[in-house]
Amino acid sequence: MINIFSKRNRAKEVGEELYRIVLAQARSPKFYSDWGVADTVDGRFEMISLHAFLVLHRLKQEDFGEVQLGQVLFDAMFRDFDRALREMGAGDLGVGKRVKKMAKAFYGRISAFEKGLDNPGILHEAILRNIYRGDEIDEANADAMADYVLEQVSHLASLPAEEFWSNKFLFSGPV
């Protein structure tokens, strides 16, 4: 019995740290200053969603036994979204609705980015629609972001599963 709880506690710790790594990467100034991502709540949500997608995409390629690291990462991310909404002043009744809306949006991004991994044109459009929200941007920024996504998918795929379980993985730039 203790072993089961120990694994769950360890998985929660790992998920929290995975989320911290995602969050740190999503906050990289280059995305906002050089690639034109809006430095707003929505822009930050998009970058967190993108980086969580990248890690989740990689995690689903591994069998971690009883522990679903992807689910633990997802749970940590949405706990943080809930906390952030409350800190921004959302009332208790509104938080649940907003978190549901964010989850639906996140699942939409996962679907769009997943389809785009096999087709650079679809990825480019998904980036324009979601990250840049259709704003007038320099197409080079969307191209750079698409190249970055494909680079990260390749980089994360090259890492052994143990690096995720031990939280020793890093993204490969920008920082």
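Note that this is a predicted model, so its numbers are computed, not measured. For reference, positions follow the sequence shown, starting with 1.
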Exercise. Using 4.0 Å as the upper bound for N to carboxylate O, is an ion pair formed by Lys168 and Glu162?
Worked result: no

For this session: State plainly whether the residues Lys12 and Asp75 are in salt-bridge range, i.e. N to O under 4.0 Å.
Result: no

Problem set entry | Heavy-atom pair with the smallest gap, counting every atom of Ala142 and Leu128 | CB-CD2, 3.7 Å

Exercise. So, His51 versus Tyr148, ring centres under 6.0 angstrom or not?
Worked result: yes

Exercise. Is there a side-chain contact between Ile48 and Phe81, using heavy atoms and a 4.5 Å cut-off?
Worked result: yes

Exercise. What distance do Leu73 atom CG and Glu17 atom CD have between them, rounded to the nearest 0.5 Å?
Worked result: 11.5 Å

Exercise. If you round to the nearest 0.5 Å, how far is CG of Asn167 from CD1 of Ile21?
Worked result: 4.5 Å

For this session: Treat each ILVMFWY residue as a node, draw an edge where side-chain heavy atoms are under 4.5 Å apart, and state whether Leu54 and Leu170 are in one component.
Result: no

Problem set entry | Residue pair Phe164 / Leu18: nearest heavy atoms and the distance that separates them | O-CD2, 3.8 Å

For this session: Report yes or no: do Tyr132 and Asn141 form a side-chain donor-acceptor pair below 3.5 Å?
Result: no

Problem set entry | Minimal non-hydrogen separation, Met77 against Ala52, with atom names | SD-CB, 3.6 Å

Seminar exercise, completed: Rounded to the nearest 0.5 Å, the CD1 atom of Ile127 sits from the CG atom of Leu50 at a distance of 7.0 Å

Problem set entry | Sidechain-backbone polar pair: Arg109 side chain, Ala105 backbone, donor-acceptor under 3.5 Å | yes

For this session: Look at Lys60 together with Glu114 and state whether they make a salt bridge at an N to O cut-off of under 4.0 Å.
Result: yes

Exercise. Mind checking whether Gln25 and Met47 have side chains closer than 4.5 Å, heavy atoms only?
Worked result: no

Exercise. Just wondering, do Glu16 and Arg20 contact through their side chains at under 4.5 Å, heavy atoms?
Worked result: yes

Problem set entry | Minimal non-hydrogen separation, Ala76 against Tyr19, with atom names | CB-CB, 3.9 Å

Exercise. How many angstroms lie between atom CE of Met145 and atom CH2 of Trp35, to the nearest 0.5 angstrom?
Worked result: 5.5 Å

Problem set entry | Separation between CD of Gln71 and CG of Leu56, rounded to the nearest 0.5 Å | 9.0 Å

Exercise. Under a single-linkage definition using a 4.5 Å side-chain heavy-atom cutoff for Ile, Leu, Val, Met, Phe, Trp and Tyr, are Ile122 and Ile131 assigned to the same hydrophobic cluster?
Worked result: no

For this session: Measure the shortest side-chain to side-chain distance between Val37 and Glu46 over non-hydrogen atoms and say whether it is less than 4.5 angstrom.
Result: no

Problem set entry | Ser158 (side chain) donor-acceptor with His155 (main chain) under 3.5 angstrom | yes

Exercise. Got a donor-acceptor contact below 3.5 angstrom from the Thr40 side chain to the Gly43 backbone?
Worked result: yes

Problem set entry | Cationic N near anionic O, under 4.0 Å, Arg79 to Asp82 | no

For this session: Evaluate the side-chain proximity of Arg133 to Arg129: yes if any heavy-atom separation is below 4.5 Å, no if none is.
Result: no

Exercise. Atom CG in Asp42, atom OG in Ser49: separation rounded to 0.5 Å?
Worked result: 10.5 Å

Exercise. Looking at Tyr107 versus Phe53, is the centre-to-centre ring distance below 6.0 Å?
Worked result: no

For this session: Anything under 30° is parallel, anything over 60° is perpendicular, the rest tilted; go ahead and classify Phe169 against Phe171.
Result: perpendicular

For this session: For residues Tyr32 and Arg44, report the shortest heavy-atom separation together with the two atoms involved.
Result: OH-CD, 3.2 Å

Exercise. What is the minimum heavy-atom distance between Ala157 and Gln61, and which atoms define it?
Worked result: CB-OE1, 4.4 Å

Exercise. Can you check side-chain contact (heavy atoms from CB on, under 4.5 Å) on Val153 and His57, steps first, answer last?
Worked result: CA-CA 8 Å; Val153 167; His57 176 76; 4.0 Å; yes

